[in-house]
Structures are given as structure tokens and as C-alpha cells.
Amino acid sequence: MSESENAIYDVVGVGFGPSNLSLAIALEEQRTDCPENGISSLFLERQAAFGWHRNMLLPSTTMQISFLKDLATFRNPTSSFSFISFLHASGRLLQFVNNQDFFPTRKEFHQYLDWAQARVAHRVSYGSQVRSIRLAPDAAPERPVLELEVADTGGRGSRTVLARNVVISTGLVPSMPEGVSRDERVWHSSEFLEKYRTMNPRELRRVAVAGAGQSAAEIVRFLYDELPHAQVHAIVPAYGYPISDDSPFANQVFNPEAVDDYYFGSDRTRDTFWRYHRNTNYSVVDEDVIKALYQRWYDDEIQGVKRLEFINLTRVAGVKRVGAETRVSLQEGPGAEIRELNVDALVCATGYAAMNPSSLLGDLDRLCLRDDSGRYRMERDYRIATTPELGCGIYLQGGTEHSHGLASSLLSNIALRSGEIIDSIVARRTEQDAQGPVLAEFGG
Ligand code: FDA
Ligand code: NAP
């Protein structure tokens, strides 16, 4: 990686998942197509190497978007970073087409992401966790600079990195049932494979999975298949797994125009999006996984076996450790009697909270404007609206569901969104250059 000391990057990306990878690709393509607008950049990622939800790379799991909604195609249909280019480079294009499926496995999509990141790896510093972002004390007030404090996750100390703009894309935050903490027998789905692999599978005789979303259903299927000797309890808050709506009309909520309809719409418009279309993504499961689970349960019924139990209309209300046993408290509804279930491991596939950059921003957060509900006021170009003294751009990829709608935490729009962010950075730089001399050197 070519990180240079004392450089002031035009843009520093915090986190290097698919969103900022897509941004790095857009910058790479801009460097070739439009060198006069060249933007210097650096991406900081806390993981030691690229990885996208590795702990959920379960066998047979598939993508929830079409392969055409890749890192680049919607911004540049002729991009050499498209999924089709990846297939071509891997010698699998024809085989993929013959498979007649829009939804690759998550493992294959991970290979694609890895292939793409390797081509822009010169822009990335892995093993680099951003701890805080503040205004650099020595910068000229008329041309402020952001200073990022970066810890080396390999334990080799910390350093600072300087930027005119940051694009924060640190991803979703795992959410546990209230009062339940993770430990060696109580896991969140985001750490599933890592924790599962620490166990001797023979010792897992009774396992439970809480949740009625895609993660829960995929993990239940995995445990049922991997642990033929085990009892699997699915703790489902609904009356069975609700189906994800990925029908063509509903899918339009992920179209780029829907971002405008949401952003420029009234509060009522935004409410309507959520009321009718939350079931395109949250607390829902793809039909093929629902059918696969039902088939397993029914095949057992025929044989009089009760290995897969669905505990419907029920939530996890707490967890107690009693000796080696994990005792899960189950509740059918508020005020209902609590019953207990003893298991060898509990997986909480209980979802995620949205990305929230406020702890990274520290004191800088005071310069960020909030709406009446206390959420960041966002510009259409994904920049947090700030007071005038903060001339630097703080862009968000994620954490903007309140302003930009349902696709904010998803992959559907990342190619276009990355293009829009770069256009914004270039336009604002041109505007600032027109207002005063450019400071080429820090403190210069
Ligand atoms: P993502 O979470 O991928 O990346 C954030 C990165 O930031 C991570 O690599 C993290 O290590 C890093 N980071 C965090 N804090 C940092 C710090 N302080 N300093 C440096 N680095 C830091 N969506 C969809 O549209 N289709 C799909 O098929 C799926 N599939 C899917 C499967 C599973 C199991 C989950 C949990 C989610 C999905 N999603 C999805 C939704 C998911 O949010 C989306 O696929 C992307 O992960 C979003 O990419 P980001 O880059 O925004 O976040
Ligand atoms: P999710 O959709 O938010 O589902 C969380 C589930 O946990 C909900 O059913 C929720 O019920 C339930 N829950 C919360 N608290 C609970 C409790 N105390 N007891 C029992 N259940 C509880 O989360 P997810 O399934 O992790 O999905 C998150 C995102 O990742 C989605 O975008 C999804 O599409 C994506 N994903 C994709 C794939 C894939 O591509 N193959 C795989 C996994 C996930 P309530 O709604 O009633 O609170």
C-alpha cells in the first residue's frame, strides 16, 4: 500500500467493505477516464485482509440481489470491474450463463469482491482501525483538514492520516436481545462460523436460533444439516418465517429514482415506503430457504422424528448460565409467562442497528446538524449537513435510511452512490479552488 506521510488526501475512506470498495473502483476508473479531476485517496480497513460477512458464508446461501447490481455496472455498464468481467477472468462466464440464475452464491460473490479489491489494493491500508476523526489543529481555518487517528490492529502503535473529505462506511452494528450478552455459548449471527468452529460438533446436542430473518433461517438450516444428532430449536417471533417480497414492482424501492422519491418526499411519503415495503428486507426470509426448512421438517414428520422444533410467536427474554448449561428464557408476548429452554448454544440472529458514526466523530459531531428527531441532516450527495466552519466533507455510505431510504445499508445502489459522492467531491473542490489558493502542503 502506498500511504504517504504528511499527504493530505482528497478523500479517506473509513472501512473497506463493498461500499467503499465500489468508491475505490469509481476513483480508479476516474483516474483513467478523467485524469484532470484526479482525486488522491486512501482507504482504511480494520480487518487484516478483505472480508465480507465471512462468518455467514454458509454453504448454499445465495445473494439477495441480482449479480448485475455489482460494484460498478450501474455507474459504468462497460466497467472492467463488473461481475461479468470477473466471470470472464475466472473462465466461468459460459458456465454461469448456462446456470440461468440471477443470484450467485454468497461464496462466489465473495470471490468477486476479493478479485476486485486486489485490483485496487494500492489504495487500501488493511489492519488499520480508525479511532477518531477531528479537525487538524494546524490547518488554515479557511481550508480545514480532517485528522484521523488510526490504530494498527497488528499492535504496531498508531498514526494520523490527513484528509479533505472522509467517506465513512463502517457497516451495520450487531444487535442482541435486551439484557443478553455474548459469550462462548451465546453468539450473534455476525460471529456464527467463527464461534461454531471453536466447538466440538458432537457436544452440540441442543441448539437454538432466535429470529425470523434471513440470518436465522440460514443458520437453522445449516445446524440441522451439520448436526444430524442434534435437536434444533428455532425461536421465531412470528407465526413461522415471513416471506421476503422480491417481486418486480416491490423491487422498485431499490431503484435509484426511489432514492429521490424518498429524499425529496414528505414525511408521509417516507412513512409509506416503510409501511408497505419494510418486508423487502427486514425480518423476512427468501422463499427458497423457507421451503427448504419446511421440507426438512415435513420429511422428519413422515418418519415420526422431532428434530426441528419451531417455537412460534416467541422471543428471547433473557439468558442464564447454570453450570455448563445455557438457560434461555422464552416469552410469547409482553406479560406472558416465561418458560425456559436449556441448550448447548444459542445463536441470536436478532439483526443489526444502523451504522452510527457519532463516536468516531467525537467533538466534530457538534458541528454536524441534526433534524427534529435527532438524526443527522443529510444532503442529497450523502454529505452530513454541517455548520459553515466545517468546510470538509463527511460523507456516509450507510446510516442514511432516514434520509435516503431502504437501499442505504444494501448493495443495490452502491455503484451509483459512489459515483455521486465522487462528483460531489470534485464539484466542491472546484468551488473551493475558485474561492482561494490551494494549500498543497499541510500547514503550507
Ligand atoms: P460492510 O459492513 O460490508 O463493511 C464495513 C467495513 O468497515 C468492514 O469491513 C469493517 O471491518 C470496517 N470497519 C468498521 N469500523 C471500522 C473502523 N473504525 N476503522 C476501519 N474499518 C472499520 N445486502 C444486499 O444488498 N444484498 C445481499 O445479498 C446482502 N447479503 C448480506 C448478508 C449478510 C450475512 C449480511 C449481514 C448483510 C447482507 N447484506 C446484503 C447487507 C449488507 O449491509 C451489505 O451487503 C454490505 O455489507 C454493505 O457494505 P458496507 O461496505 O457498507 O458495509
Ligand atoms: P433482521 O432481518 O433484522 O431480523 C432479525 C430478526 O430477529 C427479526 O425477526 C426480529 O424480530 C428477531 N428478533 C429480535 N429480537 C429478538 C428476540 N429477543 N427474540 C427472538 N427474535 C428476535 O436481521 P438479519 O436476518 O440478520 O438480516 C439483516 C440483513 O442481512 C438483511 O438485509 C438481510 O437481507 C441480510 N442478510 C442476507 C443474507 C444473504 O444474502 N443470503 C443472509 C443473511 C442476512 P422482530 O422483527 O419482531 O423484532
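A quick note: this is a predicted structure, and the numbers were derived from the prediction, not measured. Each ligand, and each atom within it, is numbered from 1 in the order the structure gives.
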inquiry  = Is the terminal nitrogen or CZ of Arg106 (NZ for Lys, CZ for Arg) located under 6.0 angstrom from the six-membered ring centre of Trp52 and within 45° of that ring's axis?
reply    = yes
key: Ser189: side chain to side chain donor-acceptor pair (under 3.5 Å) partners, not counting sequence neighbours   = none
query = With sequence neighbours left out, what residues match Thr73 under side chain to side chain donor-acceptor pair (under 3.5 Å)?
reply = Asp70
task = Return the minimal non-hydrogen interatomic distance between Leu410 and Ile414, and the atom names on each side.
result = O-CG2, 3.6 Å
ask   = Under the criterion side-chain contact (heavy atoms from CB on, under 4.5 Å), which of Leu148, Asp152, Thr153 is the partner of Val150?
value = Leu148
Residues Glu149, Arg131; criterion salt bridge (Lys or Arg N to Asp or Glu O under 4.0 Å); working and verdict = CA-CA 6 Å; Glu149 192 195 327; Arg131 293 255 192 242; 5.5 Å; no
Protein residues having a heavy atom less than 4.0 Å from any atom of ligand 2 = Thr62, Gln64, Arg106, Pro177, Ala210, Gly211, Ala212, Gly213, Gln214, Ser215, Glu218, Pro237, Asn281, Tyr282, Ser283, Arg315, Val316, Ala349, Thr350, Gly351, Tyr352, Leu410
inquiry  = Is the terminal nitrogen or CZ of Arg164 (NZ for Lys, CZ for Arg) located under 6.0 angstrom from the six-membered ring centre of Tyr9 and within 45° of that ring's axis?
reply    = no
task = Taking the side chain as every heavy atom from C-beta outward, state whether Arg327 and Val319 have any pair of such atoms under 4.5 Å apart.
result = no
message = Please check this pair: side chain of Gln214 against backbone of Asp286, looking for a donor-acceptor N/O pair closer than 3.5 Å.
response = yes
inquiry  = So if I only count non-hydrogen atoms and take anything under 4.0 Å from ligand 1, which residues does that give, chain by chain?
reply    = Gly15, Phe16, Gly17, Pro18, Ser19, Leu44, Glu45, Arg46, Gln47, Trp52, His53, Met56, Met63, Gln64, Ile65, Arg106, Ser128, Gln129, Val130, Ser169, Thr170, Gly171, Leu172, Tyr352, Ser409, Leu410, Leu411
